[in-house]
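We name chains A, B, ... by the order of the sequence lines, and we start the count at 1 in each one. Quick caveat, the model's predicted, so the values are computed rather than measured.
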Protein chains: 2
Amino acid sequence: MARKEIAIKEIQTIEKEETSRIPAKGKHHTHETAETMAARQRDISVSEFFAKNRHLLGFDNPRKSLLTAIKEAVDNSLDACEEAGILPEVLVEVEDLGRDRFLIIVQDNGPGIVKKQIPNIFGKLLYGSKFHRLKMSRGQQGIGISAAGMYGMLTTGKPVEITSRTHKTKPAHHFRLQIDTKKNKPEIISDRETEWDVEHGTQVAIELEGKHTHGKQSIDEYLRQTAIANPHVMIIYKEPGGETITYERTSHELPAHTQEIKPHPLGVELGVMQALLRDTRARNLAGFLQHEFSRVSQRVAEEICANAGLSPNALVSRVSHADIEKLLEGISKTKIMNPPTSCVAPIGEEQLIRGLQSVVPADFYASTTRPPAVYRGNPFIIEAAIAYGGSEQEGDAPARVLRMANRVPLLYQQGGCCAYQSVVQTNWRNYSLSQPRGSLPLGPLTIVVHMASVWVPFTSESKEAIASYPEIEEQIIKALQDCGRKLKIYLSHRRRETDEQRKHDYITTYIPHIGIGLRELLGFSEKEEQNVVQTLTGLLERHRE
Amino acid sequence: MARKEIAIKEIQTIEKEETSRIPAKGKHHTHETAETMAARQRDISVSEFFAKNRHLLGFDNPRKSLLTAIKEAVDNSLDACEEAGILPEVLVEVEDLGRDRFLIIVQDNGPGIVKKQIPNIFGKLLYGSKFHRLKMSRGQQGIGISAAGMYGMLTTGKPVEITSRTHKTKPAHHFRLQIDTKKNKPEIISDRETEWDVEHGTQVAIELEGKHTHGKQSIDEYLRQTAIANPHVMIIYKEPGGETITYERTSHELPAHTQEIKPHPLGVELGVMQALLRDTRARNLAGFLQHEFSRVSQRVAEEICANAGLSPNALVSRVSHADIEKLLEGISKTKIMNPPTSCVAPIGEEQLIRGLQSVVPADFYASTTRPPAVYRGNPFIIEAAIAYGGSEQEGDAPARVLRMANRVPLLYQQGGCCAYQSVVQTNWRNYSLSQPRGSLPLGPLTIVVHMASVWVPFTSESKEAIASYPEIEEQIIKALQDCGRKLKIYLSHRRRETDEQRKHDYITTYIPHIGIGLRELLGFSEKEEQNVVQTLTGLLERHRE
């Protein structure tokens with residue numbers, strides 16, 4: 001601190017000297033012209049851009065960077081396993097190398113990666129198989145894992161190490177890679193065949209600057225929540241301290257297989273329609289509509305054309321700008337089925353509760369999977385779950401919100417997330433909870449919100465928060481209201497039970513006294529008295545049933 | 001709504017049918033293998049990426065998109081004018097075309113753009129002159145204006161139109177451009193010389209989907225705040241309604257010219273150092289340090305080498321990974337002057353107040369320009385200003401915060417911005433204001449925070465909020481505290497004045513009565529009575545001085 005201040009004083013002195021030489025206020029310096037400016041204009045590589053802006057990718061500070069790197073690697077492992085129909089088994093190892101440096105190793109039992117693709121997948125930003133298709137997956141941008149490697153390289157200078165094997169009959173390959181950030185291209189440091197006692201799978205090792213903590217926003221918390229959303233996954237986590245934590249799977253069923261779909265006509269923007277028309281292999285308009293979109297049968301294609309005032313036989317090559325406008329209007333007038341939802345797989349009400357039970361002990365659980373909906377042409381499904389009561393949840397604190405997108409827990413930027421905002425907007429007072437204005441409900445409550453979609457609209461490349469689209473908000477609130485209604489029934493039932501128990505206790509206490517009273521008043525024998533007591537108790541029991 | 005629900009029901013029926021044909025739970029579908037996955041892996045163009053993620057660039061919804069497009073164009077105009085040493089005169093025109101479509105036109109008197117560069121600047125993302133240099137400017141990414149064009153194209157299908165002229169002796173050029181998003185390359189629709197009655201400057205016209213509003217986060221508000229931060233700029237704004245608003249300049253002085261600097265050794269990360277060593281033309285270590293960094297003289301270079309335990313004559317080509325680690329340690333042990341601040345131009349205390357006065361009428365103004373500081377090797381300067389009182393500011397409401405970065409007002413994502421968070425963290429109760437815990441101070445108060453830097457760390461590509469670096473937060477809080485102290489003096493002075501005025505009024509009311517009393521008690525003549533009153537009043541006045 002002191003040193004900085006001295007340095008600043010030095011600057012100020014220098015500045016004054018410089019000022020006396022070069023007149024300030026920009027009056028005498030050489031001005032730029034269009035020509036001198038042109039000489040400096042050039043391309044910016046996407047990796048240069050993100051290296052300078054690495055906070056956009058979740059590499060803001062050492063603590064978050066460590067988590068983000070692990071998250072990106074685990075996301076990829078789970079995606080690969082599921083696509084290959086393999087129940088995922090993931091090993092996560094974090095080794096403290098001292099001086100704020102860590103080695104992270106993530107290994108899976110997935111299908112492996114063919115040799116030729118390894119350099120591109122790990123050494124190039126914006127490369128992958130998930131961006132161009134409409135299908136639910138954890139990764140979607142083709143940035144994450146190579147960004148993690150780039151961050152490691154920037155902070156420690158060490159290359160990323162990858163080992164991968166696609167089949168037991170084939171050799172395992174070992175690569176050491178760096179990103180050439182100026183060109184956004186992988187640079188292969190070494191590449192050899194290696195012995196590996198794993199039949200198929202991939203292992204990635206990254207050395208990076210980081211900080212290890214426990215508690216909120218930690219690796220532990222991330223893995224714990226991953227287990228909730230992925231009951232079919234087994235994770236073995238070797239902590240920096242040397243301890244091993246195993247998250248066993250609670251389900252042996254893979255999530256439903258999702259299918260790639262074509263875009264839905266209703267969400268398509270004019271510019272996209274223009275590009276599709278240019279690239280299509282179809283010759284006429286009706287064929288184009290059927291071929292390039294989902295939910296467009298011949299009948300629907302003809303209806304769209306009729307509503308647009310265009311001929312179904314119009315040649316695609318002749319479609320003008322004005323025609324496209326008409327086409328979009330035609331689409332908006334036509335009743336078209338919502339997109340197929342085979343592209344999206346929810347966790348499922350039962351699985352979600354099972355996952356939640358395994359990590360949040362509580363008295364009551366409820367969950368809801370909403371019917372599919374659509375935003376900007378993208379199908380999505382919202383799920384919500386709640387866990388209420390139990391000794392581990394605080395009674396007076398605000399509820400805890402667990403946010404998930406395509407089965408990945410989101411740990412940062414809660415305030416900016418549509419899921420959190422929707423929880424706050426829901427009126428929990430309707431469901432027997434107290435809730436300060438504009439805040440979370442209070443009580444021993446954990447709330448889970450999950451969005452499954454072919455394209456989750458994240459608020460930044462670091463994929464930490466879901467952007468607020470009205471369609472998404474509406475679905476989340478409806479899902480929460482449904483859970484809320486179930487909670488209310490449980491709570492009022494519990495309250496009624498308590499009330500009745502109290503009444504029952506009260507009456508049973510007095511029945512013997514009634515017996516005694518009757519004996520004294522009417523001269524009942526002891527047996528008659530017992531009969532009366534039994535009859536009254538029986539009546540009470542029957543009444544309660 | 002009703003239609004959507006019907007559609008959803010239809011899906012559910014279909015889904016059931018499909019389910020009966022294809023067994024669910026993904027047990028019988030064809031699984032992916034490493035080979036089938038490899039076949040789908042490919043490059044993602046940066047424009048495809050941002051077209052799909054356009055909310056990252058500020059094109060979330062029609063209202064914000066209209067503002068963002070104008071902002072990007074105005075930023076570019078002001079940057080170009082200032083670099084060429086021209087007092088900026090910017091014309092902003094917004095025309096309502098009906099059906100949620102707008103035509104925006106932004107025209108400047110800048111240096112113009114050479115013909116060859118026009119397509120790249122407006123038709124390619126990540127292209128420009130500002131990214132690679134360390135110098136303060138409004139634009140820094142090479143994304144903004146081409147993204148605005150891309151958004152226009154996506155929503156209306158219309159190309160961007162650009163007219164530019166570099167000198168009165170040269171012809172003006174007119175281009176119509178689109179982005180080929182698959183390749184991230186400009187597509188020239190037409191290109192011709194044209195008559196233009198402007199000697200030099202650039203005009204860009206974009207047709208886009210938008211929504212026009214007044215009030216907060218509107219174009220009006222953006223231009224108003226631009227005038228505060230840029231008193232040397234004249235803006236003529238033709239509203240959609242047809243009215244014209246002129247923001248006259250209140251200063252005829254251009255901001256101090258900023259100079260490009262080299263990186264400072266202290267902020268450089270290992271990976272960056274590695275890249276610099278690979279690309280340098282210097283042969284030995286001492287030469288490398290002097291040539292590639294700012295504030296490294298021969299003496300400092302030798303000191304760094306000594307602290308690193310390396311020879312100043314070591315050949316750059318022979319520097320190993322371990323040597324780089326030593327070099328960084330050597331740098332951290334060496335006292336190096338802070339980066340030069342000729343690369344950053346603050347608005348200035350006086351100018352800031354003048355700008356604020358022109359748009360926020362108030363009773364009291366104060367401003368502070370902090371000495372330069374550094375985060376991650378980047379020099380920056382924080383300025384703050386406040387306007388207190390006045391009939392237009394609400395007395396009981398939370399203070400208004402105006403946030404600015406490199407003279408550009410930031411209108412969105414207030415909660416996520418370091419400037420706002422620092423205002424909340426400042427303890428305003430120290431300065432005679434009331435402030436609820438964790439909130440803005442209350443009172444008739446406007447607070448301006450400005451960050452000037454060679455690289456403002458925005459939280460997203462849309463440049464709406466400043467990321468929280470501790471060094472930045474510290475400077476903002478110090479600047480606010482300084483303004484707060486000035487405010488406290490003003491407020492206590494005002495309170496003392498009020499108190500004394502009250503006392504004075506009280507005494508002057510009674511002096512005549514004292515005179516009357518003395519006359520009655522001591523039998524003073526009327527003249528003697530007047531003498532006493534005058535003497536007492538005189539005494540009172542002298543006492544007050």
Measuring from [X]:[atom1] to [Y]:[atom2], what's the distance to the nearest 0.5 Å?
| X | Y | atom1 | atom2 | answer |
| --- | --- | --- | --- | --- |
| B/Y151 | B/R54 | OH | CZ | 5.5 Å |
| A/K182 | B/D279 | NZ | CG | 3.5 Å |
| B/C81 | A/H31 | SG | NE2 | 12.0 Å |
| B/L277 | B/S320 | CG | OG | 10.5 Å |
| B/L56 | B/F49 | CG | CZ | 6.0 Å |
| B/E187 | B/I179 | CD | CD1 | 10.5 Å |

Keeping the roles fixed (side chain from [X], backbone from [Y]), state whether a donor-acceptor pair exists under 3.5 Å.
| X | Y | result |
| --- | --- | --- |
| B/H55 | A/S468 | no |
| A/S45 | A/S47 | yes |
| B/E471 | B/A373 | no |
| B/S460 | B/S462 | yes |

Can you say whether [X] sits under 4.5 Å from chain A via the side chain, the backbone, both, or neither, judging by heavy atoms?
| X | result |
| --- | --- |
| B/F50 | side chain |
| B/R99 | side chain |
| B/K170 | side chain |
| B/L125 | neither |
| B/A51 | backbone |
| B/Q274 | side chain |
| B/R165 | neither |
| B/D43 | both |
| B/K158 | both |
| B/F458 | backbone |
| B/E48 | both |
| B/T459 | backbone |
| B/R278 | side chain |

Looking at chain B, which one of [options] has the largest number of heavy-atom pairs inside 4.5 Å, strictly under?
| options | value |
| --- | --- |
| A/P457, A/G416, A/S164, A/G415 | A/P457 |
| A/G157, A/P111, A/G110 | A/G157 |
| A/I113, A/T156, A/N120, A/T33 | A/T156 |
| A/Q178, A/H200, A/K130, A/Q41 | A/Q41 |
| A/T258, A/L328, A/T202, A/I121 | A/I121 |
| A/H167, A/Q413, A/R376 | A/R376 |

In terms of heavy-atom pairs under 4.5 Å with chain A, which of [options] leads?
| options | answer |
| --- | --- |
| B/L126, B/D180, B/I143, B/V272 | B/L126 |
| B/K116, B/K124, B/M153, B/E325 | B/E325 |
| B/M273, B/M150, B/Q141 | B/Q141 |
| B/A38, B/A275, B/G128 | B/G128 |

In sequence, state the C-alpha distance, the side-chain angles, and the governing distance for B/E82 and B/H232, and then conclude on side chain to side chain donor-acceptor pair (under 3.5 Å). CA-CA 10 Å; B/E82 288 171 16; B/H232 63 291; 2.8 Å; yes
Contact between A/P379 and A/V454 at the side-chain level, heavy atoms closer than 4.5 Å - yes or no? yes
Run the salt-bridge test on B/E32 and A/R133 with the 4.0 Å N-O cut-off and return the result as yes or no. no
Hey, mind stepping through B/V114 and A/E35 against side-chain contact (heavy atoms from CB on, under 4.5 Å) and telling me if it holds? CA-CA 6 Å; B/V114 297; A/E35 287 74 22; 3.8 Å; yes
